[in-house]
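Structure, as structure tokens:
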Amino acid sequence: MQAASRESYKVAADRLDEYARGAEPSAVSTTADDILSVAALLRREPRLRRALSDSARSGSDRAGLLGEMLRGKIGADALDLLASLVSGRWSAPSELLDGAERLGVEALLASADKAGELGEVEDELFRFGQVVSGSPELSNVLSDQMTPAAQRATLADQLLADKARPITGYLVGAALAGFGGRSFTGALTRLVELAADRRDRQVAYVTVAAPLSDEEERRLGARLSEMYGREVSVKQTVNPDVLGGVSVRVGSDLYDGTVLRRLNETRNALAKR
């Protein structure tokens with residue numbers, strides 16, 4: 001987002017946090033569902049996106065237009081938050097859509113946080129992403145944008161049944177809808193990071209040939225926390241092809257100490273002789 005859009009989103013996000021502090025988790029979840037339903041409407045209706053982000057109209061005029069359309073169709077709390085969102089300045093209609101989707105997702109995460117389940121939701125999203133990436137056929141089916149999101153969501157619900165919390169399922173649905181214009185797997189990754197960020201944590205993606213023990217994972221997390229000055233949530237991927245060692249990615253930083261990397265470096269050095 002450009003600066004004006006970021007500021008407009010921040011105002012609505014702060015309002016969401018204030019609302020969530022005084023609401024029950026179930027109420028916040030319902031509000032999130034309402035917001036995401038409006039985001040889906042904005043995705044389908046480009047003319048509406050343009051009207052609600054038109055800088056030639058005042059913020060109160062745009063909020064009034066939203067109210068005329070949606071009053072009585074969504075909850076009052078969702079309408080209030082969305083009115084705050086559209087009242088701001090938006091650099092482009094697409095950024096208003098991104099803001100609405102992000103606000104709905106943050107409301108889901110706030111609901112999980114209020115219920116004391118945010119850490120579990122974060123882990124469930126990551127594990128589901130691992131399951132999907134481990135099956136090319138499943139990944140292709142869930143990522144196929146030619147198949148309606150509702151149909152793919154039914155398959156995801158079947159896979160998650162009795163294995164994940166309802167909020168996790170809702171967030172997977174947001175990923176299937178292309179959260180933030182991303183691919184399905186890219187959206188899942190972003191959702192994991194947003195869940196960690198709400199817990200004031202950084203995500204470290206760790207690739208190993210064999211699973212780390214609990215103690216090894218704890219020590220690695222503690223070391224990374226020292227390096228980044230923030231608690232780190234370690235997410236392990238087991239890939240026997242790396243042969244040994246550890247690869248760690250935190251944001252744009254990559255620390256690759258795997259045997260495979262060293263073998264490739266040796267092979268490349270020999271090829272240059």
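It should be emphasised that the depicted structure is a prediction, and the values quoted were computed from it without experimental measurement. Starting from 1, each residue takes its place in the sequence as its number. Both backbone and side-chain heavy atoms feed into the values below; hydrogens, waters and symmetry mates do not.
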Check: By side chain to side chain donor-acceptor pair (under 3.5 Å), which residues pair with Ser58, not counting sequence neighbours?
Finding: Ser60
Note to self: Once side chain to side chain donor-acceptor pair (under 3.5 Å) is applied, do any residues pair with Tyr205, and if so which ones, sequence neighbours excluded?
What the structure shows: Glu193
So, are [X] and [Y] salt-bridged, with charged N and O less than 4.0 Å apart?
X      : Y      : value
Glu7   : Lys10  : no
Lys235 : Asp123 : yes
Arg219 : Asp214 : no
Asp144 : Arg152 : no

Report, as yes or no, whether the 6.0 Å neighbourhood of atom [atom1] on [X] holds more than 12 heavy atoms from other residues, nucleotides or ligands.
X      : atom1 : value
Glu18  : CD    : no
Glu24  : CD    : no
Arg199 : CZ    : yes
Glu226 : CD    : yes

Side-chain contact, heavy-atom cut-off 4.5 Å: [X] with [Y]?
X      : Y      : answer
Ser233 : Phe126 : no
Leu85  : Tyr9   : yes
Val11  : Ser84  : yes
Arg218 : Val234 : no
Asp253 : Tyr255 : yes
Thr207 : Val246 : no
Arg230 : Asp197 : yes
Val203 : Val250 : no

Interatomic distance, [X] atom [atom1] to [Y] atom [atom2] [nearest 0.5 angstrom]:
X      : Y      : atom1 : atom2 : value
Tyr170 : Asp33  : OH    : CG    : 7.0 Å
Leu125 : Thr189 : CG    : OG1   : 10.0 Å
Leu188 : Leu142 : CG    : CG    : 9.0 Å
Ile74  : Thr31  : CD1   : OG1   : 9.0 Å
Arg15  : Leu81  : CZ    : CG    : 7.0 Å

Item checked: Listed once per pair and sorted, the side-chain hydrogen bond (donor to acceptor under 3.5 Å, both in side chains) pairs that draw on residues 104-117, sequence neighbours left out -> Arg102-Glu106, Glu106-Arg198
Checklist line | Within residues 34-47 or reaching into it, pairs that qualify as side-chain hydrogen bond (donor to acceptor under 3.5 Å, both in side chains) - sequence neighbours excluded | finding: Arg43-Glu101
Item checked: Sequence-distant partners of Glu95, side chain to side chain contact (heavy atoms under 4.5 Å, CB included), two or more places apart -> Met1, Gln2, Ser5, Trp90, Ser91, Ala92
Note to self: Holding to side chain to side chain contact (heavy atoms under 4.5 Å, CB included), I want the full list of residues that pass it with Ser252, two or more places apart in sequence or in another chain.
What the structure shows: none
Taking every non-hydrogen atom, the tightest pair across [X] and [Y]:
X      : Y      : answer
Ala112 : Val121 : CB-CG2, 4.1 Å
Ala204 : Val232 : CB-CG1, 3.5 Å
Pro211 : Glu216 : O-OE1, 4.4 Å
Ala51  : Leu65  : CB-CD2, 4.0 Å
Leu97  : Ala39  : CD1-O, 3.3 Å

Notebook entry, point to check: Quick one: does NZ or CZ of Arg182 land under 6.0 Å from the six-membered ring centre of Phe179, within 45 degrees of the ring axis?
Noted result: yes
Next item on the list: Would you check if there is a donor-acceptor pair between the side chains of Gln202 and Glu231 at a distance under 3.5 Å?
Entry: no
Notebook entry, point to check: Does Leu36 share a hydrophobic cluster with Leu41, counting links as ILVMFWY side-chain heavy atoms below 4.5 Å and allowing steps through other members?
Noted result: no
